[in-house]
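Report on the structure given below.
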There are 2 protein chains.
Amino acid sequence: MDHVDHILKQWRQERPDLDVAPMGTIGRVKRLNHTLMRAMEKTWAKYGLTDAGFDVLATLRREGAPYALSPSDLMASTMVTSGTMTHRIHQLEKSGLIERVKNPDDGRGFLISLSQRGFDLIDEAVAAHVETQAQLVSGLTDEQRQQLDALLKQFLAGVEQE
Amino acid sequence: MDHVDHILKQWRQERPDLDVAPMGTIGRVKRLNHTLMRAMEKTWAKYGLTDAGFDVLATLRREGAPYALSPSDLMASTMVTSGTMTHRIHQLEKSGLIERVKNPDDGRGFLISLSQRGFDLIDEAVAAHVETQAQLVSGLTDEQRQQLDALLKQFLAGVEQE
DNA sequence: GGATTATATCTTGATATCAAGGTATGTAGG
DNA sequence: CCTACATACCTTGATATCAAGATATAATCC
């Protein structure tokens, strides 16, 4: 009987006409996301990073050499709007972790690339981050985690298509 | 090969020293949460509500008569800080959906209670919300959804204890 | 090549959130 | 009763986000 079970119980009492089973599933996803984010933020903070900054640097890093993407590519990868990405880029540029160069192939745009400092920082931070994540999933066995992956993947495929 | 699989593939190429399997699980939770929230916001917006407002009104409604809780109780239920709850309460009060009365049992605090309009609105909005949620989970069978519930519950129990 | 449409990014304005600290009221110990 | 501590809520200041619209460049079509 966790927090979400309690909520469902209350609804079944107050609104027995509603089928609240899906609310339980979605509620757990929301709550889990919230708790996981809070935990991971602590690791990012050790490297002077936020969710937003880590997200951008990691996207550039895992892309491989030459560690550069356009703002549009970054937007698509990170699920934020253009205004948000502009803001993130300015912050990271001010910190000297990325550089902004004119896109030689498209005069309208730029390329965002990791600076050497940005590369070194994210390479170290991501190792710590992976360790934190391993700790966070340690309540599940490997097999359970794989089952969960499969279900989440199917769920996601269902809601992302449109 | 979804978006998350692509990310893991990139990391395995660039950083074969890291075990990124947990990142896949956590990444799917994050992405799923984001997509679900975006979808549910559309329903809330039809009733002039945001995530924040719906959250508070629903918490009061499912509590049962007399539909009143202290700001502290609301904070605990909704996982936000006191500053955020103060702000939410002011917004909802301005909209006439809740009322704030002095707590007769504790001179330091207040009780937040649903107004008649607030009650009517949330009672209608939650029915639409439940329908939206049913649609969102329709990519899973009932059995799969229940399996997912069980795994999420265990995952959550592992990360929430501290 | 000029007009039209599409694309890439930035700007603006409104909200929501948090962390840290402030104020008022309650509670417990001597 | 008075002091010390605890609790409940609010205020402040800094960020992050989004939606909508602005601007500049590219691509396409006669």
Side-chain angles (χ1 to χ4, degrees), chain A residues 30-31 33-42 44-46 48-57 68-95 97-113, chain B residues 30-31 33-42 44-46 48-57 68-95 97-113:
Chain A
K30 179 176 178 186
R31 203 170 173 90
N33 180 67
H34 187 270
T35 307
L36 291 171
M37 288 299 290
R38 283 321 179 102
M40 295 188 297
E41 277 166 7
K42 289 180 190 163
W44 296 326
K46 286 182 193 163
L49 294 172
T50 60
D51 173 22
F54 182 89
D55 202 15
V56 171
L57 297 182
L69 286 173
S70 69
S72 303
D73 292 338
L74 286 168
M75 282 168 55
S77 288
T78 58
M79 298 182 86
V80 298
T81 60
S82 64
T84 300
M85 187 50 70
T86 298
H87 181 244
R88 288 183 176 189
I89 288 168
H90 285 159
Q91 292 302 107
L92 289 168
E93 195 180 19
K94 208 158 56 179
S95 306
L97 300 172
I98 60 168
E99 282 152 11
R100 201 163 56 153
V101 297
K102 265 216 160 285
N103 188 335
D105 300 333
D106 189 333
R108 291 168 301 179
F110 296 88
L111 287 180
I112 310 302
S113 75
Chain B
K30 180 176 176 186
R31 204 169 172 91
N33 180 67
H34 188 271
T35 307
L36 291 172
M37 289 299 290
R38 283 321 180 102
M40 296 187 297
E41 276 166 7
K42 289 180 189 163
W44 296 327
K46 286 182 192 163
L49 293 173
T50 61
D51 172 22
F54 182 90
D55 202 15
V56 171
L57 297 181
L69 286 173
S70 68
S72 303
D73 292 338
L74 287 168
M75 280 167 55
S77 288
T78 58
M79 299 181 85
V80 298
T81 60
S82 63
T84 299
M85 187 50 70
T86 297
H87 181 244
R88 288 183 176 188
I89 288 168
H90 284 158
Q91 293 302 108
L92 289 169
E93 195 180 18
K94 209 159 53 178
S95 307
L97 300 172
I98 60 167
E99 281 152 12
R100 202 163 55 154
V101 296
K102 266 216 162 284
N103 188 334
D105 300 333
D106 189 334
R108 291 167 300 179
F110 296 88
L111 287 181
I112 309 303
S113 75

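As a basis for the values below, the full set of heavy atoms in this structure was taken, side chains included, without hydrogen atoms, waters or symmetry mates. Proteins come first, then strands; the chains are lettered A, B, ... in the order of their sequence lines, and each starts at number 1.
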DNA chain D nearest-nucleotide lookup for B:H87 and A:H87: closer to the 5′ end is B:H87
If I take atom [atom1] in residue [X] and atom [atom2] in nucleotide [N], what distance separates them, rounded to the nearest angstrom?
{"X": "B:R100", "N": "D:dA8", "atom1": "CZ", "atom2": "P", "value": "16 Å"}
{"X": "A:I89", "N": "C:dA8", "atom1": "CD1", "atom2": "C1'", "value": "11 Å"}
{"X": "A:H90", "N": "D:dA14", "atom1": "NE2", "atom2": "P", "value": "20 Å"}
{"X": "A:M79", "N": "D:dA19", "atom1": "CE", "atom2": "P", "value": "12 Å"}
{"X": "A:K94", "N": "D:dA14", "atom1": "NZ", "atom2": "C1'", "value": "11 Å"}
{"X": "B:K42", "N": "D:dA19", "atom1": "NZ", "atom2": "P", "value": "10 Å"}
{"X": "B:W44", "N": "C:dT15", "atom1": "CH2", "atom2": "C1'", "value": "16 Å"}
{"X": "B:L74", "N": "D:dA8", "atom1": "CG", "atom2": "C1'", "value": "13 Å"}

Rounded to the nearest 0.5 Å, what separation is found between the CE atom of A:M85 and the CG atom of A:D73?
10.0 Å
Go nucleotide by nucleotide along DNA chain C from the 5' end; which of B:Q91 and A:D73 gets its closest nucleotide reached first?
A:D73
When you match A:R108 and A:E41 each to their closest nucleotide on DNA chain C, which lands nearer the 5' end?
A:R108
From [options], nucleotide with atom closest to [X] side chain:
{"X": "B:A52", "options": "D:dC10, D:dC18, C:dT17", "result": "C:dT17"}
{"X": "A:S82", "options": "D:dT17, D:dC10, C:dC10", "result": "C:dC10"}
{"X": "B:T84", "options": "C:dT7, C:dT17, C:dT11", "result": "C:dT17"}
{"X": "A:T50", "options": "C:dT17, C:dA19, D:dA16", "result": "D:dA16"}
{"X": "B:D106", "options": "C:dG26, D:dC10, C:dT17", "result": "C:dG26"}

Flag side-chain contact, heavy atom, 4.5 Å: B:E93 against B:E99
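No, their side chains stay 4.5 Å or more apart.
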Are B:I89 and B:P71 side-chain neighbours, meaning at least one heavy-atom pair lies under 4.5 Å?
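Side chain of B:I89 against side chain of B:P71, heavy atoms only: contact under 4.5 Å found.
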Tell me, yes or no, whether the heavy-atom count around B:K102 atom NZ, taken from other residues, nucleotides or ligands under 6.0 Å, exceeds 12.
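Yes, NZ of B:K102 has more than 12 neighbouring heavy atoms, counting only those of other groups under 6.0 Å.
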Lys/Arg N to Asp/Glu carboxylate O, B:R88 vs B:D51, below 4.0 Å
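No, this pair does not count.
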Does B:R38 make a side-chain N or O approach to OP1 or OP2 of D:dT17 shorter than 4.0 Å?
no
Give a yes/no answer on whether the side chain of A:R88 brings an N or O atom under 4.0 Å of OP1 or OP2 in D:dC18.
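No, A:R88 has no side-chain N/O under 4.0 Å of OP1/OP2 on D:dC18.
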Using a 4.0 Å heavy-atom cut-off, does B:G83 contact any base of the nucleic acid, only the sugar-phosphate backbone, or nothing at all?
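If one applies the 4.0 Å heavy-atom cut-off, B:G83 turns out to touch a base.
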